Amino acid sequence: MAPISRVVRIVIGRAGLQRYLTALLFTALTLGAVSPAIAQEVLDPNPVVGSPAQDPQRNSNGLAQTPPMGWNSWNKFACNVNEKVIRDTADAIAWNGMKDAGYQYIVIDDCWHGQRDADGFITADKARFPNGIKALADYIHAKGLKFGIYSDAGAKTCGGRPGSQGHEYQDALQYARWGVDYLKYDWCSTGTRNAEEAYTLMSDALRASGRPILFSMCEWGNAKPWLWAAKVGNLWRTTGDITARWEGKHGYSLGITTIVDFNEPLWPYAGPGHWNDPDMLEVGNGDLTAAEYRSHFALWSLMAAPLIAGNDVATMSQQTRDILLNRDVIAVNQDAAGVQGHRVWKQGDLEVWSKPLADGGRAVILWNRGTQPASITADWGMLGYPRSLKLNARDLWAHKELGQKAGSYAATVGAHDVVMITLRS
Ligand code: GLA
């Protein structure tokens, strides 16, 4: 005799059977005879487990194997961007040594936008960018540099320009046509939108565009992107906006030491292709001391943070240049192991930080957050080395070999300053 299910299928057909089973399950659920989990299993035998962002089948886009380096217009120029500012910056980066040191992406932040055209495609502000974005991207590419742009997951950007919500695939396609290599994607006017959904949608749209576009997520850390975004974006902001101040909260913006303390504990979540972003550099902006700018750059480098300069690079001082172009420090940031360095010792204002390097060495920062010079010691034990080990030390700001050290390294560190060394066997 044919099994009952086959008889039913023959009588009412496959779709009818599905409807019949659904109705049966619904009744069983209502009566409490079947648990919702079992009902779900019967109705959808292949459910997606977890969110699309964490789908085990999902791959990362393969970009940003080391922290991205470049320049962004916001910290210095805010909404005052135009074609000339971006071209002058690209010219400067191409000749002043920054390109050779690794700075690659020239990113226009907010306020480049015009309106959407009749088909919904985004256009540039014609007064600010009379030659259009494609011509600007070509100009930057001709200098051997890469080009980045900015949008927002909401209806409007933070500067009130058109956002990408509802136009994600169309915008990604437009960026690809223009030759965009990097998208910074902000989080203003998003209301109750779910961050994981919104960023995954744009991540997919960028991939569907057919052009490799690095994806910089600017969600300020609200939805803890470090927990879910490794295969969605290449970097994610961990805090609110940086401002060129040493410490504290200033409205929505945060000083350097405040950002450091937010970003430091997130170190296990960073790695090649996916980085914690404590925001763009303020080296050369504001009126911090040379020591403070050095600390800022050294800590960002050791934390494997994106090194996105935010100053006027066409007119920068020698002091700013010496910091941004310190190749010994940049090499620590760009180390192939891609480990985010972190604090290994703290006593009051004095701290020791360590970053394991690909060759087994360590980059070490002795940081004095206090206002008086102080002696700080990095003990090999703090760095995970046996005390008996002899290691060659190099001072990364003096660019000097310090000879062989055993057990520990001590130095006097100025107020708000760092000593930064590498240790190698
Ligand atoms: C937000 C971002 C900033 C910048 C501005 C632009 O505040 O966090 O980095 O992009 O928007 O309006």
Side-chain angles (χ1 to χ4, degrees), residues 67-82 85-86 89 105-114 122 124-125 128-129 133 147-165 171 175 180-191 193 195 198-199 202 213-226 229 233-245 248-256 258-260 262-263 266 275-286 296 300 303 305-313:
M69 293 178 67
W71 177 89
N72 172 297
S73 53
W74 184 255
N75 284 357
K76 176 68 188 177
F77 296 96
C79 254
N80 301 315
V81 279
N82 57 49
V85 165
I86 306 299
T89 300
Y105 292 97
I106 313 287
V107 183
I108 319 180
D109 206 280
D110 208 347
C111 305
W112 60 267
H113 319 68
I122 190 70
D125 181 320
R128 293 161 182 249
F129 297 89
I133 301 294
F147 174 62
I149 212 162
Y150 162 100
S151 189
D152 187 289
K156 287 195 168 157
T157 70
C158 298
R161 305 314 198 262
S164 288
Q165 185 162 13
D171 284 357
Y175 303 152
V180 167
D181 306 298
Y182 182 120
L183 174 68
K184 172 175 169 183
Y185 203 48
D186 216 338
W187 191 240
C188 277
S189 334
T190 46
R193 205 166 177 193
Y199 281 94
M202 186 45 113
I213 300 179
L214 197 149
F215 192 31
S216 157
M217 301 173 39
C218 181
E219 181 272 349
W220 318 310
N222 294 351
K224 300 186 168 55
W226 46 90
N234 299 106
L235 53 149
W236 49 77
R237 283 273 297 279
T238 55
T239 70
D241 288 4
I242 195 169
T243 184
R245 307 277 281 267
K249 291 190 179 181
H250 307 274
Y252 177 68
S253 302
L254 308 169
I256 285 161
T258 310
I259 287 193
V260 166
F262 269 115
N263 198 64
L266 302 177
W275 310 100
N276 289 309
D277 176 11
D279 207 357
M280 305 170 294
L281 297 167
E282 291 282 19
V283 176
N285 288 337
H296 175 24
W300 260 239
M303 290 194 294
L307 295 182
I308 308 292
N311 59 316
D312 184 350
V313 292

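Throughout, numbering of the chain's residues begins at 1 and tracks the sequence. Whatever order the structure lists ligands and atoms in, that order sets their numbers, starting from 1. Given the structure is predicted, the values throughout are model-derived calculations rather than measurements.
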Protein residues having a heavy atom less than 4.0 Å from any atom of ligand 1: Trp74, Asp109, Asp110, Tyr150, Cys158, Gly159, Lys184, Asp186, Cys218, Trp220, Arg237, Asp241

Asp152-Trp187 side chain donor-acceptor pair, cut-off 3.5 Å: no

Partners meeting salt bridge (Lys or Arg N to Asp or Glu O under 4.0 Å) with Asp312 (sequence neighbours left out): none

Tyr199 and Tyr185 aromatic ring geometry - parallel, tilted or perpendicular at 30°/60° bounds: perpendicular

Full working for side chain to side chain donor-acceptor pair (under 3.5 Å) between Glu219 and Asn222: CA-CA 6 Å; Glu219 181 272 349; Asn222 294 351; 4.7 Å; no

Test side chain to side chain donor-acceptor pair (under 3.5 Å) applied to Asp109 and Asn72, step by step: CA-CA 6 Å; Asp109 206 280; Asn72 172 297; 2.9 Å; yes

Note: Arg161-Asp110 ion pair, threshold 4.0 Å (strictly below): no

